[in-house]
Q: 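Dropping the structure in here first, questions after.
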Amino acid sequence: AITTGNLNVAIGKGAMQGNTVGDRNVAIGANALNVYNPSTNEDSYNVAIGLNSMIATTTGSTNTAVGGLSLGANTTGNANVAIGYIALEATTTGSTNTAVGQEALQKNTTASGNVAVGYQALEENTSGEANTAVGTNCLDGPTTRDNNTAIGYQAARAAGVSGLTAVGRGALTANTTGWNTAVGYLAGNAATTGGSSVYLGAEAGLVVTTGASNTMIGHQAGKGATTS
């Protein structure tokens, strides 16, 4: 129970029940911020709204979690934003992540600096860092890859490589290896293991599967190419 903590708000059974000295926190919902208890009076500015939201957080600060089980496993991570059911649910010590959408960054554990916006965006990521995924199922397959950018429905969904850029619905959706760039509807859609290619335009490189070091610019550019 709070002894010397100041300016806290707790609403719901078990909400912030472990806090004694922490300041400026908001917990709304059963068990929200349940075990939070910093060792000294400090301005923590955590906001947890939803059933079991931030239930495991002990000393983390400046986190915002809105949604059932959001940031549920967080212990000491800081400056995370999780909005949506089980968004960032498994994150323990990762910091500066932003997840907006149901199951966004759900399995992230220790990684930091990721941005996921959309249903299941970056869902499977565990330790990959500095990824940006905007769109439903964007980058939802990779677990440990870094520095990827995917924007659009199912863009780079299976990405098994670091450093790719996919912009557009279905762009590079099957890509597992290679540093590729694809911009446009279904650009590089079938590419799996080919690397270092650039596809610009709707359906550019649409049927390329394992071809590498290609540059295809324009609508349906390279339409007949598969492995070259």
Q: For S61, is there any backbone N or O sitting under 3.5 Å from a side-chain donor or acceptor partner on S44?
A: no

Q: With sequence neighbours left out, what residues match R24 under salt bridge (Lys or Arg N to Asp or Glu O under 4.0 Å)?
A: D43

Q: Tell me, do L69 and L51 make a side-chain contact under 4.5 Å, heavy atoms counted?
A: no

Q: With sequence neighbours left out, which residue pairs that include part of residues 153-170 fulfil the side-chain hydrogen bond (donor to acceptor under 3.5 Å, both in side chains) condition?
A: D140-R157

Q: Can a donor-acceptor pair be found, under 3.5 Å and without considering hydrogens, that links the side chain of N175 to the backbone of A159?
A: no

Q: Test of understanding: with salt bridge (Lys or Arg N to Asp or Glu O under 4.0 Å), list the residues that count as partners of E124, not counting sequence neighbours.
A: K107

Q: Between N114 (side chain) and N131 (backbone), is there a donor-acceptor pair under 3.5 Å?
A: yes

Q: Can a side-chain donor-acceptor contact be found between S70 and S53 if the only test is distance below 3.5 angstrom?
A: yes

Q: With a 3.5 Å cut-off and no angle check, do the side chains of T57 and N74 form a donor-acceptor pair?
A: yes

Q: Flag yes if V9 and L33 sit in one hydrophobic cluster, no otherwise; membership is Ile, Leu, Val, Met, Phe, Trp, Tyr, and two members link when side-chain heavy atoms are under 4.5 Å apart.
A: no

Q: Could you walk me through whether T126 and T143 pass the side-chain hydrogen bond (donor to acceptor under 3.5 Å, both in side chains) test, one step at a time?
A: CA-CA 5 Å; T126 56; T143 57; 4.7 Å; no

Q: Using the side chain to side chain contact (heavy atoms under 4.5 Å, CB included) rule, pick out the option among T58, N25, T20 that qualifies with Y36.
A: N25

Q: Measuring from atom CG of N108 to atom CG of L122, what distance do you get when rounded to the nearest 0.5 angstrom?
A: 8.0 Å

Q: Roughly how far, to the nearest 0.5 Å, is the OG1 atom of T132 from the CG atom of L139?
A: 9.0 Å

Q: Can you tell me how far OG1 of T96 sits from CG of N78, rounded to the nearest 0.5 angstrom?
A: 9.0 Å

Q: Within this structure, what is the CG-CG distance for the pair N189 and L206, rounded to the nearest 0.5 Å?
A: 6.0 Å

Q: Do the side chains of M216 and V208 get nearer than 4.5 Å, heavy atoms only?
A: yes

Q: Measuring from N6:CG to N41:CG, what's the distance to the nearest 0.5 Å?
A: 6.5 Å

Q: What's the separation between atom CE in M54 and atom CE in M16, rounded to the nearest 0.5 Å?
A: 9.5 Å

Q: Show your working on side-chain contact (heavy atoms from CB on, under 4.5 Å) between T75 and T93 and close with a plain yes or no.
A: CA-CA 6 Å; T75 54; T93 58; 3.9 Å; yes

Q: V183 and V198: same hydrophobic cluster, using ILVMFWY side-chain contacts below 4.5 Å?
A: yes

